Amino acid sequence: MMEITNVSEYDKLAKERLPKMIYDYYASGAEDEWTLEENRNAFSRILFRPRILIDVSHIDITTTVLGFKIPMPIMIAPSAMQKMAHPEGEFATARAASAAGTIMALSTLATSSVEEVASTGPGIRFFQLYVMKDRSVVAQLVIRAEKAGFNAIVLTVDTPRIGRREADIKNRFILPQHLTLKNFEGLDLGKIDRTDNSGLASYFSYQVDRSLNWKDVKWLQTITKLPILLKGVLTAEDARLAVQAGAAGIIVSNHGARQLDFVPATIMALEEIVKAVERRIPVFLDGGVRRGTDVFKALALGASGVFIGRPVVFSLAVHGEAGVRKVLQMLRDEFELTMALSGCGTVEEITRNHVMMDTETPRISPKL
């Protein structure tokens, strides 16, 4: 069997293993997929300024996220319907995260419930929340997550409507019949029906509250004591409003390039947001992270940590829990090596002076 030496190799193997409809659901982006490519390409335009003759005989990559000490600034992003990738789905991901000592965010649209994931054992877990039209359903989900021992709410704020994902339309994407959205069981919200286009888009159109606004962030704080992170912030203006609204943190995210095409890569939007919050709350990043070097670059530009999505579901599809563990370990090892070769002994020593922007590399043309 081929030795897997980097995270991206799982993508190729997952494409061979998964049914086309399911692989395309995980892999595709919105419309021309310009932002999908840019999420990765943008990292390549950030170069290192390594410092030399620094004692790096001991490297400490631990960090603290919302008061929780974790062994590395690499966490697992919420990715929907993971049992499409592997029969154990979110169970396997939760066990892998726990084994690595890191944080897992569970999607509202998971194929395992908050209670089921909690039953896998101890771990630091966040619950990603979509706000439905029926606020009693939202309240029930939040209360259940809190009761199940989840440690924070990740409110997705960039999805009043689902982006136009043409691969899902072509494939007429639908959740396989043997799976359900477990957090919605008993709430009359568990089925995604087949339609002429994407069943997921139809489901969102019917269920998700398009009127979601800043007042609702305040409302959410009245129904839970858990810290609330806002996921999907891309501008300084919204970052400042997030601070004013009492958010505990921001996740700079473009939803894996699955919502509005031609928005900036998250790594390019990061620094503007970090400057806007003025260290009042932590800023995290997801989107395009495939190497430990990417993690270092994000931290150098001010992120407190990164979340990974597609690498988790692709490794899950290929090797189950062992695959997710391997991805986390590979990124950890690469990040630690990058720190050593850059002259950083601790995460706190990573600064903006360790990177520079390469303005000469041409931008990639839109995918037609």
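Source: prediction; values computed, not measured.
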Could you tell me if E166 and S28 have a donor-acceptor pair between their side chains, going purely by distance under 3.5 Å? no

Quick check: are there more than 12 heavy atoms from other residues, nucleotides or ligands sitting under 6.0 Å from NZ of K15? no

Between E185 and K182, is there a side-chain N and carboxylate O pair less than 4.0 Å apart? yes

Do T156 and Q128 have side-chain N/O donor and acceptor atoms under 3.5 Å apart? yes

What do you reckon, is CZ of R135 surrounded by more than 12 foreign heavy atoms closer than 6.0 Å? yes

Is any side-chain N of the basic residue among R40 and D294 closer than 4.0 Å to the acidic one's carboxylate O? yes

Given L175, N171, I174, D168, the one that forms side-chain contact (heavy atoms from CB on, under 4.5 Å) with Y25: D168

Check: Q259/R164 side-chain N/O donor and acceptor closer than 3.5 Å: no

Rounded distance [0.5 Å steps], OG1 in T159 versus CZ in R161: 12.5 Å

Parallel, tilted or perpendicular: which one describes the rings of F296 and H354, with boundaries at 30° and 60°? perpendicular

Looking at R144, I'd like to know if its CZ atom is crowded, meaning that more than 12 non-hydrogen atoms belonging to other residues, nucleotides or ligands lie closer than 6.0 Å. yes

Ignoring hydrogens and geometry, is there a side-chain-to-backbone donor-acceptor pair from Q221 to G246 under 3.5 Å? yes

Given 3.5 Å as the limit, does a donor-acceptor pair link the side chain of E146 with the main chain of T224, or not? no

Separation between CD (Q207) and CG (D209), nearest 0.5 Å, reads 11.0 Å

Salt bridge check, R45 against E38: does any charged N sit closer than 4.0 Å to a carboxylate O? yes

Supply the atom-to-atom distance L106 CG to L129 CG, rounded to the nearest 0.5 angstrom. 11.5 Å

Thinking salt bridges, do E116 and R125 make one under a 4.0 Å N-O criterion? no

Residue pairs passing the salt bridge (charged side-chain N to carboxylate O under 4.0 Å, His left out) test with at least one member in residues 228-255, sequence neighbours excluded, are K231-D286

If I take atom OG1 from residue T102 and atom CZ from residue R332, how far apart are they, to the nearest 0.5 angstrom? 9.5 Å

Side-chain donor/acceptor of D333 to backbone N/O of M330, under 3.5 Å: no

Mind telling me whether H255 and Y130 have parallel, tilted or perpendicular rings, with 30° and 60° as the class edges? parallel

Contacts of type ring-ring contact (aromatic ring centres under 6.0 Å, His included), residue F68, not counting sequence neighbours: none

Would you call R172 and M21 a side-chain contact if the rule is heavy atoms closer than 4.5 Å? no

